[in-house]
Amino acid sequence: MKTNLSSQITLNRVSPKYYRPENAFERSVLTRFEKIPTDIYESVEEGSAQIALDIAQTIRDKQKAGRFCVLALAGGNSPRGVFSHLVQMHRQEGLSFRNVIIFNLYEYYPLAVGAINSNLNALKEMLLDHVDVDPQNIFSPSGTIPKETILEHCRLYEQRIESFGGIDIALLGIGRVGNIGFNEPGSRLNSTTRLILMDSDSRNEASKSFGSIDNTPISSITMGVATILSSKKVYLMAWGEEKGKMVKECVEDSITDTIPASYLQTHNNAHIVLDLSAAANLTRIQRPWLVTSCEWNDKLIRSAIVWLCQLTHKPILKLTNRDYNENGLSELLALYGSAYNVNIKIFNDLQHTITGWPGGKPNADDTYRPERAKPYPKRVVVFSPHPDDDVISMGGTIRRLVEQKHDVHIAYETSGNIAVGDEEVIRFLHFINGFNQLFNNSEDQTINEKYTEIRRFLQEKHDGDTDTPDILTIKGLIRRGEARTACTYNNIPLSHCHFLDLPFYETGKIQKNPLSEADVEIVRHLLQEVKPHQIFVAGDLADPHGTHRVCTNTVLAAIDLEKEADAGWLKECRIWMYRGAWAEWEIENIEMAVPISPEELRAKRNSILKHQSQMESAPFLGNDERLFWQRSEDRNRATAALYDSLGLASYEAMEAFVEYIPL
């Protein structure tokens, strides 16, 4: 069973010539905009393995010389793959860590004594508890020391690093605001280990370890920029498209204290290691025509023309030969003969993505339409990772499909129960208690006792405590009720609302279980039952909590098994990926764009608002301060505005989709 098919979704087939140059000359040409040596790998696995090999070699070299190897390690998800490879090398190749000194890059402050959410505990869980490092060689800032001793504690931490001859390798991730460690924007080049107040973005990111933003410490003790830059070698890792914008600013833009990672440009042995997704915004990947001759394909041409339109502030059909020549696109003129020929090709390509019939228009010529006219009506399954992603991401399209008489099913993959605030539980308990007092003449003591028990637990609940099964059930019921209300509003029969409650999610914690065969079989059973002609799945894999990616992997694994079984229904099925909650498709990748009128956009907003527990009180809104309905509307309007600026039809808003072709 293939459980990570989402990692093989490649929207733009990037030629290896852009990220794997054959010689030093080609590399210097390709990387002319890059100010830090940057290596790009096809996958996180490949990049992590290379860093692990380099660290292992350094450890072995130090062992032969009879010296310590001093590592400064960050927590978070970025180094997880590197740590996994190091543990594997320890177990299978005998790599010893007896000569390794570990310095924790940062620690949250304040922490309760024995807190399980510390960064040091995360390092132990991922690496330190699985290798033979001497516990006496592990050093970390303390999150439990008194405030009045922090300055002295930080001074001694710096002194301890110096006593071992400095850091040999610093292993870093890059934060969403360009921070390294918790050196936030504004950190100075000469800063050393210190207490720092985390900004809202960093706290939101850290909240994944603490359950909610309210439970997350407001500050941390972090190695300073100068401390990191004093390391003999620095690796900065970045994986995934959500890091792409910050990577470009760090690597290609000027040094600035607003992006502390850019200080690595001053280091003579710093290395940036990326997967293709994180490298997507680098010039050699995103705009290769500015650095080398290109291997042109339809998507790269579309990307180039859209970029040229935005640069010149012209619609597609007004671009001239001079525009192409002055902006590095003369190759396209040589290929097509004139600007007009390129313009009309891309204009038609984009025009053919627009359709008001997302299920296909019956009795119409579908030669240039994104969806087939037949069969009609279609059986449609919309997979929603959480019980509101369907309406957030494609609420307008769902209404269109229903109005156009297609048989629409919504499959809610997880309960979404951990995203319900405790106050919502109390509100519903009040209702249940009042209802029973009014209408239950027998005065059922079981319900009253359960009410008292849950109220007491919530009153005594501490940060990081996992909810009881009863509370998780109530929270799940709240979200089910909201989802049913939204479906009813969109005229979807309740018999077509499927609550899958995939087991991987049901831990009651932020950290989920790995995807299992049980998850895949639940999805597969639904597909076998409905035999859909259309499937819609979440494609916004930048979801910061990872649930969307796991849910999409579950659906793709089930489809893959059906393909292996030669299921007849799959031959007539198309699979579309939506975005909306966390990101939007780039226009060069859009294959179906569904226009939304002002009235339809208002109805979509109303659908989202049915999910009342996910409004202002939702615990996991991420780094974006806008509510989900606001994000959705802004993204849908921006897509429509972009089509308009390119000279295509003007609409209020648009929802966009990309087709997934099973491997």
Side-chain angles (χ1 to χ4, degrees), residues 4 7-8 16 19-24 27 31 34 36-105 122-134 137-138 164-174 180 228 231-240 243 247 251 261 264 267-279 282:
N4 194 26
S7 66
Q8 299 179 42
Y19 62 89
R20 197 180 290 155
E22 293 182 1
N23 53 56
R27 184 179 182 89
T31 61
E34 296 168 19
I36 310 174
T38 301
D39 293 316
I40 302 169
Y41 295 90
E42 291 186 358
S43 67
V44 178
E45 175 74 14
E46 190 181 347
S48 298
Q50 186 57 56
I51 295 174
L53 285 172
D54 291 351
I55 292 174
Q57 188 59 51
T58 303
I59 292 173
R60 291 184 175 118
D61 290 345
K62 292 282 186 177
Q63 284 170 351
K64 289 177 183 177
R67 299 167 59 191
F68 286 119
C69 178
V70 183
L71 305 179
L73 303 180
N77 281 323
S78 295
R80 189 176 292 273
V82 177
F83 295 156
S84 177
H85 281 285
L86 288 172
V87 171
Q88 186 177 357
M89 282 188 274
H90 168 69
R91 291 174 176 169
Q92 298 179 4
E93 302 173 17
L95 175 66
S96 175
F97 286 73
R98 297 301 293 178
N99 70 318
V100 175
I101 307 295
I102 302 292
F103 283 95
N104 182 12
L105 200 74
L123 291 178
K124 288 179 178 179
E125 177 190 321
M126 290 188 285
L127 174 68
L128 304 181
D129 286 348
H130 308 287
V131 296
D132 61 341
V133 63
D134 189 335
N137 291 342
I138 299 171
F164 285 102
I167 297 165
D168 290 304
I169 298 177
L171 189 63
L172 313 175
I174 184 170
I180 45 177
I228 293 169
S231 306
K232 298 176 184 67
K233 191 169 189 176
V234 178
Y235 284 107
L236 185 142
M237 305 162 289
W239 319 120
K243 298 295 178 76
V247 164
V251 173
L264 294 179
H267 197 283
N268 63 5
N269 199 12
H271 298 265
I272 308 292
V273 181
L274 312 171
D275 67 349
L276 272 171
S277 295
L282 293 179

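Because the structure is a prediction, the values reported are computed rather than measured.
Proximity of Ile169 to Asp54: side-chain heavy atoms (C-beta onward) are nowhere separated by under 4.5 Å. In this structure the side chain of Leu127 never reaches within 4.5 angstrom of the side chain of Val133, judged on heavy atoms. With a 4.5 Å cut-off on side-chain heavy atoms, Val131 and Val87 count as touching. Within the 4.5 Å cutoff, the side chain of Glu45 has heavy atoms near those of the His85 side chain. In this structure, Val82 and Tyr235 have side chains that are not in contact, with every pair of non-hydrogen atoms separated by 4.5 Å or more. Two residues are said to be in side-chain contact when any heavy atoms from C-beta on lie closer than 4.5 Å; Leu123 and Phe83 meet this criterion. Between Asn137 and Val100 there is no side-chain heavy-atom pair separated by less than 4.5 Å.
Of the possible polar contacts, one joining the His130 side chain to the Glu125 backbone as a donor-acceptor pair under 3.5 Å is found. Side-chain atoms of Arg80 do not come within 3.5 Å of backbone N or O of Met126 as any donor-acceptor pair. Remark: side-chain polar atoms of Gln50 are not paired, donor with acceptor, to backbone N or O of Val273 under 3.5 angstrom. Although no hydrogens or angles enter the test, the distance criterion places no donor-acceptor pair under 3.5 Å between the side chain of Asp132 and the main chain of Ser96. Checked by atom type and distance alone, the side chain of Asp168 never pairs as donor or acceptor with a backbone atom of Leu71 at under 3.5 Å.
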Assess whether side chain to side chain contact (heavy atoms under 4.5 Å, CB included) is satisfied between Thr38 and Thr31, documenting all intermediate values. CA-CA 8 Å; Thr38 301; Thr31 61; over 6 Å; no
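Between Phe103 and Phe164, the two ring planes are perpendicular [angle over 60°; tilted spans 30° to 60°].
Between the CG atom of Leu236 and the CG atom of Leu264 there is a distance of 6.0 Å, given to the nearest 0.5 Å.
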